[in-house]
Amino acid sequence: MNKSLWLCRVTLTIIVAMCLRIAPWSHTLELYNPDWVLLVLMYWSAALPERIGIFSAWTYGILTDVLTGQLFGQHALAYSLVIYACLKLHKRLRQYTLLQQVLFVFFGLLLAQLIFFFIKNLQHLAQFNSDFWLPVMTGTVCWPLIYIVLRSIRIPNNVK
Amino acid sequence: MSLSYLVDPLKYIVDLPSAIINHASESLGSYASLVSENASLRDEQLVRQTQLLKLDALEKENVRLRALLENSFKLGEQVLIAELLSINTAPYEHILVVNKGTNFGVHEQQPVLDANGVVGQVFRALPLTSEIMLITDPNHAIPVQINRNGLLTIAVGSGQLNQLNLPFLPSNADIRPGDLLITSGLGGTFPQGYPVAVVDEFTSQPNKPFANITATPKSLLDRNRELMIVWSHSSPVPLISKPNAAAEPMTSPSPVPTPAPANE
């Protein structure tokens, strides 16, 4: 894949993920809204580890902070750490079956959510309720869908 | 923040579908319903206009009387109508995003109203959009006054869109269900005298120092599309006493002031 092509595809998918992040869900659904940007970043960092690294994760994290109006830098921190783990394990991740990937993604999302919880705790805003962890579960459930969609974007004419 | 130029267009993109639906339902509205709406709006305007006539005279009188009391009186406010973007940045927080930002002169801590009462205040002003914290956000508190007797207190957000808490009133406070709470103007963020909420429950707790009081916000917090961002003039009408009168206060009777033009 040449340079402009992959850059265009990665950027477009992340823009879609950011739109999903701020989409107006109903009040009950918004509790389940997973961290789409992180899921898409995890896919791209495992698929193109030489292109999507910690710096891109940090940049998109900063943009997500600005988009959602959270404490500046919290998404950047969480995304960099999770993407670091993805980069370290990307060779293994490629060998995994979809089910094993789901388990890995679960721990990645959980790590990010733990960092958010930690930062909220530092601001004295944290309330320990189980709803806070729902996005981790929905994100895990959504992973196969994201994997299949992004794979078909990365390899458009995948003839088997 | 210049980074927001990169991501703010996304907010408009996400808002697009609901904006299109709104526009379509407006343009496809039947002739009859539009006529009836127009008629009712006309009637309402007539009623308001007559009330305004009276208000104008009262305001002038108020300026005069306050000036006699050597008190300052704030001029009327300037408003900007902002439209809501239907996006949702973070769960658990009562924050709205509107389509006017620092490009329109919006700044942080500006009060935001709707036709029925206080909505909240500008929490973060970005160039193209700004975020508004509702009065029901758990992190928000607004200084209020009971309209009936002038009792001052603070209304704190409860985290539910239809409820405010008044946690700092003693059990023997003179307050009862149905009392209107208005902004007291203390703290300087909100101009004085706008309706905030109506008290709907008052229960004294015998073993605690403070009573348990809840109120319902007057403004339609979750059913609005247009909000008003308010500039209240920070410089009050000049006092009647001359600058040299400060050196020798309370000696000479103040001359009758020229009432400042109370524009809207």
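Reminder, nothing fancy here: chain letters follow the sequence lines and each chain counts from 1.
Among A:Leu63, A:Thr64, A:Ile15, the residue making the largest number of heavy-atom pairs under 4.5 Å with chain B is A:Leu63.
No part of B:Leu16 comes within reach of chain A, as not one of its non-hydrogen atoms sits under 4.5 angstrom from that chain. Residue contact with chain A, scored on non-hydrogen atoms closer than 4.5 Å, involves the backbone and the side chain of B:Leu10 alike. Looking at A:Leu20, there are no atoms closer than 4.5 Å to chain B (heavy atoms on both sides), in backbone or side chain. Within the 4.5 angstrom heavy-atom criterion, no atom of A:Asn33 approaches chain B.
For A:Trp143 and A:Phe106, the distance between ring centers is not under 6.0 angstrom. Side-chain rings of A:Tyr60 and A:Tyr79 stay apart, their centers remaining 6.0 Å or farther from each other.
Side chains of A:Tyr43 and A:Arg151: a donor-acceptor N/O pair is absent below 3.5 angstrom, by distance only. Side chains of B:Asn165 and B:Gln163: a donor on one and an acceptor on the other come within 3.5 Å. A side-chain donor-acceptor contact under 3.5 Å links B:Asp200 and B:Thr216.
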